[in-house]
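Heavy-atom basis, side chains included; hydrogens, waters and symmetry copies ignored.
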Amino acid sequence: MSDETASDEVLFDRDPKYIPRVAAVHDMCGYGKCSLTAAIPILSAAGCDVCPVPTALFSAHTRYAVYTFHDTTEILDGYLDAWSKENVELDGVYSGFLGSAEQVAIIKRLYREYPKALRLVDPVMGDAGKTYPTYTPELCEAMGTLVDGADVLMPNLTEASILTGREYPGQDLDDAQVGDMLDALLALGAKHVVLKGIDRGDGMIRNYVASAATGAAGKQELAHGKLPFMTHGTGDAFASALCGAVMAGRPLAESARIAGEFVRHAMESTQYQPHHDERGVSFELNLGELTNLVRR
């Protein structure tokens, strides 16, 4: 591991008096802690003006046995037309769960219309080796086209496997396997990759940060203590906190460390909440950690 790595790069040079605007292109769940119900409060706590672009409406997230799902694709072009007429300005485009393959074109439209905005891609497709119930092969393939040019790509191991066309390896990857996966993702055109969720059974969860400038040889490892339970929505909370820290002007690897600790602390709070194994991570009591990044 090199002493100087491009993952120390500051991707957004923030004026302390300025509130950056970030389009959050995710679904909205009425119940359950994920997607926009994570992105809006977490990015707001980090001092961002969050501009939601709802890709789908769910009554609850897909871990519940019963939920309704409404695809919003047909309204999104008109939605962005209205933004264009009002001269909305954006500093970042943060994308996550999509409702259909056609919505990838909506994200690419945002890239064209806001060419200076950071492209922050959480390629939400699945977890634990399985895709989410509403995801088709066509949607997964379309999601892969967002990798090329992404300023930050934030996959878990399931999503990294889908993007690179590999069999899911499980979570216990050794250093060489991690490096190989990072290089494969960077070869698809991402400028920086944050690979999430390596678990070697030693009580730690590891995330890795690498850049196209140095490849996997310059990767940074960030290890966090693992709690004895899992809960839904930690990936969305992590990605949102990472984006918030990046938009607060912190270097990428530091942003990943901040996000990992934020999620760990939020999970400590979560264990005391009813039905947390279904509802998901409760981060409300920990939002001050992100507000402190921009407190003047």
Side-chain angles (χ1 to χ4, degrees), residues 24-40 42 52-73 76 94-107 120-147 150 153-171 181 185 188 193-199 205 207 229-240 242-243 263 267 270 275-281 283:
V25 191
H26 301 254
D27 67 290
M28 172 66 84
C29 287
Y31 191 77
K33 310 298 285 297
C34 60
S35 301
L36 284 176
T37 53
I40 293 171
I42 290 173
V53 181
T55 58
L57 300 176
F58 286 84
S59 59
H61 62 65
T62 59
R63 287 282 183 90
Y64 286 96
V66 178
Y67 59 88
T68 62
F69 166 64
H70 177 73
D71 179 353
T72 62
T73 302
L76 293 181
Y94 166 36
S95 60
F97 186 102
L98 301 182
S100 70
E102 291 76 18
Q103 290 181 355
V104 170
I106 295 295
I107 297 172
L120 307 162
V121 179
D122 184 7
V124 177
M125 292 183 282
D127 200 6
K130 298 179 180 179
T131 56
Y132 294 129
T134 61
Y135 267 65
T136 63
E138 293 76 17
L139 178 49
C140 291
E141 182 179 357
M143 182 74 85
T145 67
L146 297 177
V147 175
L153 178 71
M154 301 167 277
N156 61 30
L157 288 166
T158 299
E159 294 150 355
S161 300
I162 294 170
L163 293 171
T164 57
R166 303 178 176 204
E167 291 293 323
Y168 174 63
Q171 289 184 273
M181 183 69 83
L185 292 165
L188 296 175
V193 173
V194 180
L195 182 63
K196 305 178 293 188
I198 289 79
D199 184 352
I205 292 290
N207 304 315
F229 67 96
M230 298 298 292
T231 191
H232 185 76
T234 53
D236 291 349
F238 176 90
S240 297
L242 187 150
C243 291
V263 170
M267 287 186 69
T270 297
H275 311 297
H276 67 77
D277 52 337
E278 292 181 339
R279 179 163 166 74
V281 63
F283 48 73

Novice: Should Leu98 and Ile107 count as side-chain neighbours, where that means a heavy-atom distance under 4.5 Å?
Specialist: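 They are in contact (side-chain heavy atoms under 4.5 Å apart), so the answer is yes.
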Novice: Going by side chain to side chain contact (heavy atoms under 4.5 Å, CB included), name the residues that satisfy it together with Thr145, two or more places apart in sequence or in a different chain.
Specialist: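 Partners of Thr145 under the side chain to side chain contact (heavy atoms under 4.5 Å, CB included) test: Val104, Lys108.
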Novice: Roughly how far, to the nearest 0.5 Å, is the CD atom of Glu102 from the CG atom of Leu139?
Specialist: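 Here the rounded value is 9.0 Å.
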Novice: For the side chain to side chain contact (heavy atoms under 4.5 Å, CB included) test, which of Val281, Val194, Ile42 pairs with Phe238?
Specialist: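 One option only clears the test, and that one is Val194.
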Novice: Go through the structure and list residues passing ring-ring contact (aromatic ring centres under 6.0 Å, His included) with Tyr67, not counting sequence neighbours.
Specialist: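 Checked Tyr67 against ring-ring contact (aromatic ring centres under 6.0 Å, His included); matches are Phe58.
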Novice: With a 4.0 Å cut-off, would you call Lys196 and Asp127 a salt bridge?
Specialist: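 Salt bridge: no.
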Novice: Under 3.5 Å, is there a donor-acceptor pair between the side chain of Asn156 and the main chain of Gly126?
Specialist: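 Indeed, once roles are kept as given, a pair shorter than 3.5 Å links the two residues.
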Novice: Quick one: does Thr131's side chain have a donor or acceptor within less than 3.5 Å of a partner on Met125's backbone?
Specialist: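 Between the backbone of Met125 and the side chain of Thr131 there is no qualifying donor-acceptor contact (under 3.5 Å).
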Novice: Can you find a side-chain donor-acceptor pair between Thr270 and Thr231 that sits under 3.5 Å?
Specialist: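 Thr231 and Thr270 do not have a side-chain donor-acceptor pair below 3.5 Å.
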Novice: Looking at side-chain heavy atoms only, is the closest gap between Tyr132 and Val124 below 4.5 Å?
Specialist: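 Side-chain contact under 4.5 Å: yes.
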Novice: Could you work out, with side chain to side chain contact (heavy atoms under 4.5 Å, CB included) as the rule, every residue matching Tyr64, not counting sequence neighbours?
Specialist: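 With sequence neighbours excluded, Tyr64 shows a side chain to side chain contact (heavy atoms under 4.5 Å, CB included) to Tyr31, Ala60, His61, Glu278, Arg279, given in chain and number order.
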Novice: Give a yes or no on whether the backbone of Tyr94 and the side-chain of His26 come within a donor-acceptor separation of less than 3.5 Å.
Specialist: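 Pair found, side chain donor or acceptor close to backbone of Tyr94.
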Novice: Check for me whether the distance between the ring centres of Tyr135 and Phe97 falls short of 6.0 Å.
Specialist: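 Distance test on ring centres: under 6.0 Å, yes.
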Novice: What distance separates Arg63 CZ from Cys29 SG, expressed to the nearest 0.5 Å?
Specialist: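 Interatomic distance, Arg63 CZ to Cys29 SG, rounded to 0.5 Å: 12.0 Å.
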Novice: Kindly indicate whether the side chain of Asp27, heavy atoms from C-beta on, has any atom under 4.5 Å from the side chain of Pro54.
Specialist: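 No - every pair of side-chain heavy atoms lies 4.5 Å or more apart.
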Novice: Taking Leu153's backbone N and O only, do any of them form a donor-acceptor pair with Asp122's side chain (distance below 3.5 Å, no angle check)?
Specialist: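 Pair absent, no side-chain N/O of Asp122 close to backbone of Leu153.
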Novice: Quick one, Val147 and Leu185 - any side-chain contact, counting heavy atoms below 4.5 Å?
Specialist: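 Answer no - side chains too far apart.
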